[in-house]
Protein chains: 2
Amino acid sequence: MEHRIEKIKKQLHSQSYKLTPQREATVRVLLEHEEDHLSAEDVYLLVKEKAPEIGLATVYRTLELLSELKVVDKINFGDGVSRYDLRKEGAEHFHHHLVCVECGSVEEIEEDLLTDVESQVERDWGFQVKDHRLTFHGICKKCQVVTVNS
Amino acid sequence: MEHRIEKIKKQLHSQSYKLTPQREATVRVLLEHEEDHLSAEDVYLLVKEKAPEIGLATVYRTLELLSELKVVDKINFGDGVSRYDLRKEGAEHFHHHLVCVECGSVEEIEEDLLTDVESQVERDWGFQVKDHRLTFHGICKKCQVVTVNS
DNA sequence: TGTCAAATTAAAATCATTTTAAATTAAAAC
DNA sequence: GTTTTAATTTAAAATGATTTTAATTTGACA
């Protein structure tokens, strides 16, 4: 954990940004909830527990900044709020998501999966791929069971 | 064009919705701008040209309805507005997008590309895929040339 | 220590979208 | 064909997420 914070601190410094206490508290919340897909409001409420004086606007600005630095990825599952997802250590590409239309759960896929598709796009469309967003909508394992039983 | 409107009319009727003049005007705008990725506001302004009395809320409701009927797909490129994209005739799956980070252009990919990946997800994650959203971010053909020349 | 730029706060503003209540429409029932 | 009824639309207000503003604070550095 500490070493990841150090790393982010260096990334900030390299662009002459500082790791202020508010930013650090925000990053810590993100690290502690790496599996979740928190909205800015979610992050704000959690940060408030350790740093009650923080303002919502600061959280927004911090998340925006981390997003520019590619520390987090801003994603949108179509429910009207942006969610902020910490990029995994050493991850080259953004990970994928499985969104269950029954229960709303969100599962992550670390595996790349798109290597072949990306080559194909570069080859056939002449488009130089830098990043991707892939989300599957469907029924998760748990809900499939429920549906069978009910 | 007329035949596609007829088809949508039938789809509406099958769920006991009507194709009101406002809805028809909205659908016509979507058909006439099939290549674009219009926001609700964009659609509203265009519909207003042929039906000046229409209200923005009606456009929103119509787009929402068409979205439920899978006539259009609601997409989000992360710029804070939803965009509405007419599903191609006979298209089984949602098409993909290539968003250029240089010029902001959006290209569409009709080809499925994800057949293999979807089988893999169903097999390895036990997730029953219903739909997908795939967007590549990168540099389009045109901007690659510009970059080389400048 | 004083200065300056960056960062934060709290409040207000903005922007997309949704909801409300009243008015309109149009199909179905009589 | 008029009445009833439910669906739809309108315009305005409300909501909710996000951004901006202006004033204040912080902290590095001259």
Side-chain angles (χ1 to χ4, degrees), chain A residues 8-29 37-69 71-85, chain B residues 8-29 37-69 71-85:
Chain A
I8 291 165
K9 190 172 181 176
K10 276 182 195 141
Q11 275 184 275
L12 282 164
H13 284 164
S14 76
Q15 315 266 324
S16 50
Y17 293 116
K18 304 170 201 165
L19 183 65
T20 62
Q22 292 89 339
R23 286 177 182 166
E24 183 172 338
T26 305
V27 170
R28 280 186 191 279
V29 162
H37 299 83
L38 304 174
S39 67
E41 182 92 33
D42 295 337
V43 174
Y44 170 64
L45 292 174
L46 288 165
V47 175
K48 247 180 138 40
E49 290 174 10
K50 28 180 89 169
E53 31 5 276
I54 203 172
L56 180 55
T58 302
V59 171
Y60 268 102
R61 271 183 302 242
T62 301
L63 291 170
E64 199 54 41
L65 179 59
L66 294 173
S67 189
E68 273 164 34
L69 295 176
V71 171
V72 303
D73 285 296
K74 192 174 176 179
I75 42 172
N76 201 299
F77 293 133
D79 58 352
V81 292
S82 293
R83 293 169 187 283
Y84 299 84
D85 217 353
Chain B
I8 291 166
K9 189 172 180 176
K10 276 183 195 138
Q11 275 183 274
L12 282 164
H13 284 165
S14 76
Q15 315 266 324
S16 49
Y17 292 115
K18 304 170 202 163
L19 183 65
T20 62
Q22 292 89 337
R23 286 176 183 165
E24 182 172 339
T26 305
V27 169
R28 281 187 191 277
V29 162
H37 299 83
L38 303 174
S39 67
E41 182 92 31
D42 295 337
V43 174
Y44 171 64
L45 293 174
L46 288 165
V47 175
K48 245 178 140 38
E49 291 175 9
K50 29 181 89 170
E53 26 15 272
I54 203 171
L56 180 55
T58 302
V59 171
Y60 269 102
R61 270 183 303 240
T62 302
L63 291 170
E64 199 55 42
L65 180 59
L66 293 174
S67 189
E68 273 163 34
L69 294 176
V71 171
V72 302
D73 286 295
K74 193 173 175 179
I75 42 172
N76 201 300
F77 292 134
D79 59 351
V81 292
S82 293
R83 292 168 188 284
Y84 299 85
D85 217 352

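Labels below follow one simple rule: chain letters A, B, ... track the order of the sequence lines, proteins then strands, and each chain is numbered from 1.
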Every protein N/O within reach of nucleotides 27-30 of chain D N/O, cut-off under 3.5 Å:
none

Given atom [atom1] of [X] and atom [atom2] of [N], what is their separation to the nearest angstrom?
| X | N | atom1 | atom2 | value |
| --- | --- | --- | --- | --- |
| B:Leu19 | D:dT9 | CG | C1' | 15 Å |
| B:Leu45 | C:dA16 | CG | C1' | 14 Å |
| B:Ile75 | C:dA16 | CD1 | P | 17 Å |
| B:Leu63 | C:dA16 | CG | C1' | 13 Å |
| B:Ile54 | C:dA23 | CD1 | C1' | 17 Å |
| B:His13 | D:dA7 | NE2 | P | 14 Å |
| A:Arg23 | D:dT26 | CZ | C1' | 12 Å |
| A:Lys48 | C:dA10 | NZ | P | 7 Å |

Legend entry - Selection from C:dT8, D:dT9, D:dT8 that lies nearest to any side-chain heavy atom of B:Tyr17: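 For B:Tyr17, the side-chain atoms sit closest to D:dT8.
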
Measure the shortest side-chain to side-chain distance between [X] and [Y] over non-hydrogen atoms and say whether it is less than 4.5 angstrom.
| X | Y | answer |
| --- | --- | --- |
| A:Lys48 | A:Ile54 | yes |
| A:Val81 | A:Glu41 | no |
| A:Leu38 | A:Val29 | yes |

Inset, instruction - Hey, could you give me the CZ/CG distance between B:Arg83 and B:Leu63, rounded to the nearest 0.5 Å? - result: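 The distance works out to 12.5 Å.
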
Inset, instruction - Drop me the distance from A:Arg28's CZ to A:Leu46's CG, to the nearest 0.5 angstrom. - result: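 Atom-to-atom, A:Arg28:CZ and A:Leu46:CG are 14.5 Å apart.
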
Inset, instruction - Could you go through the side chain to side chain contact (heavy atoms under 4.5 Å, CB included) check for B:Val71 and B:Leu12 one step at a time? - result: CA-CA 10 Å; B:Val71 171; B:Leu12 282 164; over 6 Å; no

Sub-3.5 Å pairs of nitrogen or oxygen atoms, protein against nucleotides 14-20 of chain D:
| unit_1 | atom_1 | unit_2 | atom_2 | d |
| --- | --- | --- | --- | --- |
| D:dT18 | OP1 | A:Ser82 | N | 3.0 |
| D:dT18 | OP1 | A:Ser82 | OG | 3.3 |
| D:dT18 | OP2 | A:Tyr60 | OH | 2.4 |
| D:dT18 | O5' | A:Tyr60 | OH | 3.1 |

Legend entry - Enclosure of A:Lys9 NZ (heavy-atom neighbours >12, cutoff 6.0 Å):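 Open: at most 12 neighbouring heavy atoms sit under 6.0 Å from NZ of A:Lys9.
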
Inset, instruction - Would you please name every residue forming a ring pair (Phe, Tyr, Trp, His ring centres under 6.0 Å) with A:Tyr17, sequence neighbours left out? - result: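 Listed in chain order: nothing, the list is empty.
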
Inset, instruction - With heavy atoms under 4.0 Å as the rule, sort A:Thr58 into base, sugar-phosphate or nothing. - result: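 Here A:Thr58 touches the bases of the nucleic acid.
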
Inset, instruction - Check each of A:Val47, A:Ile8, A:Thr58, A:Thr62 against A:Arg23 using the side-chain contact (heavy atoms from CB on, under 4.5 Å) test, and report the only one that passes. - result: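 Only match with A:Arg23 under side-chain contact (heavy atoms from CB on, under 4.5 Å): A:Thr62.
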
